[in-house]
Amino acid sequence: MSEPRVLLDAESIEKSFKDNEVLKGITLKVHAGEVIALIGPSGAGKSTFLRCLNYLERPTGGSLSLDGAPAFTDPLGPTKAELLRLRRRVGMVFQSFNLFPHLSVLKNIVLAQKLNGLRGNLEAEEYARELLGQVGLDEKAHAKPAECSGGQQQRIAIARALSLDPELMLFDEPTSALDPEVGNDVLNVMRDLADRGTTMIVVTHEMRFAERVADRVLFLDRGGILEEGAPEQVFHNPSHERTREFLQAVLDR
Amino acid sequence: MSDFSFVSVLQTLVAGLGITILMTVVSFAAGTLLGIPLALMRTSKLWGVRFPAMAVIDISRGIPPLVWLLIIYYGLSPALPLEPLPAALIGLSIISAGYLAENFRAGIDNVHTGQKEAAAALGLTPSNQFWRIVAPQALNISIPPSASYAVALLKDTAIASIIGVADIIFLAQNEVSRGGSAVFVFAVAAVLYLLAGIPLSYFSRYIDGVVRSKVVSV
Ligand SMILES: Nc1ncnc2c1ncn2[C@@H]1O[C@H](COP(=O)(O)OP(=O)(O)O)[C@@H](O)[C@H]1O
Ligand SMILES: [Mg+2]
């Protein structure tokens with residue numbers, strides 16, 4: 001059996017805001033179909049790292065490859081076309097959903113497909129309905145986002161990100177703004193995606209979800225990966241005192 | 001013999017109501033047309049674009065409306081003789097452009113940054129991020145204060161009487177100089193402004209409600 005192909009290759013990603021060095025050279029290879037859980041204390045740089053992977057934040061060092069090909073000729077000076085291409089291939093789900101409030105749920109999911117020339121109007125709508133069905137919200141197609149609960153909005157945001165058929169999905173604390181019961185609906189959708197073989201990187205404090213769904217857990221601390229391994233190992237047999245302290249603190253909440 | 005009955009005074013002043021409404025509508029429309037590009041320039045990342053817009057906005061709002069009208073009517077007349085009405089329209093349009101530009105700018109600034117990020121993350125070009133996502137929400141946000149501004153503008157047009165525009169106030173002053181009781185004549189003028197303002201205030205409250213229920217962004 002051959003090794004599964006490397007989908008994302010992030011090489012020594014660095015990010016500084018002025019003289020605040022937030023990411024100190026993070027290297028991560030993600031295989032196709034793999035689910036990575038990214039955990040760590042607040043301020044560790046988890047969001048910043050995720051945002052560097054689709055260049056919402058421009059790294060100050062390092063390089064990205066997607067499916068074996070460098071995403072940028074010059075990682076420090078990306079061209080507009082390269083940026084758009086990367087973002088079309090990498091979907092992102094935000095903690096605060098960020099649905100477009102002036103558009104119907106359906107249009108939220110249709111818009112980027114059309115503007116990216118991926119599908120025509122009818123096809124895009126058809127696909128949007130299919131995705132809404134997949135996240136269990138067919139009946140919300142014509143609602144405005146404000147008429148949906150937080151959990152529903154986040155599931156719509158997932159459908160919206162999926163509408164571009166991304167090769168990699170990034171989730172930044174997708175349930176942190178939600179009540180636990182509602183959060184479970186979102187986690188179920190994500191687990192479903194994982195079961196379908198979607199490659200995902202998930203920043204989360206939901207340790208049970210991470211333990212059950214992730215293939216690999218990374219513990220990010222002060223801008224670097226302090227520990228990584230299978231969920232059993234990181235959660236039940238961490239090799240660093242910092243990891244132990246963090247897990248204890250999360251359990252105590 | 002002059003007749004200063006309520007009906008007679010009202011009939012005289014109503015003749016100026018059209019001019020008052022015309023000034024309000026034209027300068028509001030022109031202010032919108034000029035205010036939108038000004039607001040776009042004002043939010044530019046380029047200093048060379050932003051600064052002139054800032055200057056224009058601050059000057060248009062910083063000079064008292066009366067002074068604007070006097071400058072345009074008397075100040076420009078040797079070079080560019082203007083009738084009172086065009087002078088008033090120009091002045092009020094400049095002032096409206098400044099206020100409305102600030103409303104639009106505040107609208108743009110108040111669209112949550114997450115909106116632009118979500119659009120960027122979906123591979124939208126910067127121009128689509130702005131026109132498809134930010135601008136419609138900015139417009140929604142700026143409609144209620146702009147509708148309130150329309151009500152304020154209606155009242156501000158009264159200063160045009162100073163340069164001789166035959167609006168409600170101008171005709172009221174005529175009536176007074178012809179011997180009408182000032183308190184009575186201006187009270188009738190006040191009633192006319194109130195009546196003209198009611199639909200506007202009602203509309204602005206209605207718009208406010210619509211926008212509030214529509215743009216409840218999380
Ligand atoms: N846009 C920004 N400008 C300046 N500093 C930032 C910015 N975004 C994040 N930071 C800083 O980077 C550090 C890591 O933040 P973040 O990636 O959000 O951490 P986490 O998601 O792990 O809680 C924090 O110290 C934060 O203040
Ligand atoms: Mg974060």
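First the proteins, then the strands, lettered A, B, ... as listed; each starts at 1.
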Worksheet item: More than 12 heavy atoms of other residues, nucleotides or ligands under 6.0 Å from CD of E147(A): is that the case?
Response: yes
Item to complete: With rounding to the nearest 0.5 Å, note down the distance linking NE2 in H102(A) to CD in Q115(B).
Response: 7.5 Å
Worksheet item: Could you name the residues of residues 154-173 of chain A that have a heavy atom within less than 4.5 Å of a heavy atom in chain B?
Response: R160(A), A161(A), L164(A)
Fill in: Heavy-atom closest contact (A120(B) atom, L56(A) atom, distance)
CB-CD2, 3.8 Å
Worksheet item: Using non-hydrogen atoms and a limit below 4.5 Å, what part of residues 108-122 of chain A faces chain B?
Response: L111(A), A112(A), L115(A), N116(A)
Worksheet item: Which atom pair, heavy atoms only, marks the closest approach of R88(A) to G123(B)?
Response: NH2-O, 3.4 Å
Worksheet item: Would the number of heavy atoms belonging to other residues, nucleotides or ligands and lying under 6.0 Å from CZ of R50(B) be above 12?
Response: yes
Can you list, pair by pair, the side-chain donor-acceptor contacts under 3.5 Å of residues 153-160 of chain B, counting residues two or more places apart and other chains?
| unit_1 | atom_1 | unit_2 | atom_2 | d |
| --- | --- | --- | --- | --- |
| T157(B) | OG1 | L154(B) | O | 2.6 |

Discussion item. Does atom CZ (R132(B)) have a neighbourhood of more than 12 heavy atoms from anything else shown, all under 6.0 Å?
Written reply: no
Discussion item. If I measure from the heavy atoms of chain B, does V93(A) come under 4.5 Å with its side chain, its backbone, both, or neither?
Written reply: neither
Discussion item. Please find the pair of heavy atoms, one from A121(B) and one from F94(A), that lie closest to each other, and give the distance.
Written reply: CB-CZ, 4.0 Å
Fill in: Positions in residues 62-86 of chain A that reach chain B, provided some heavy atom is under 4.5 Å away
K80(A), L84(A)
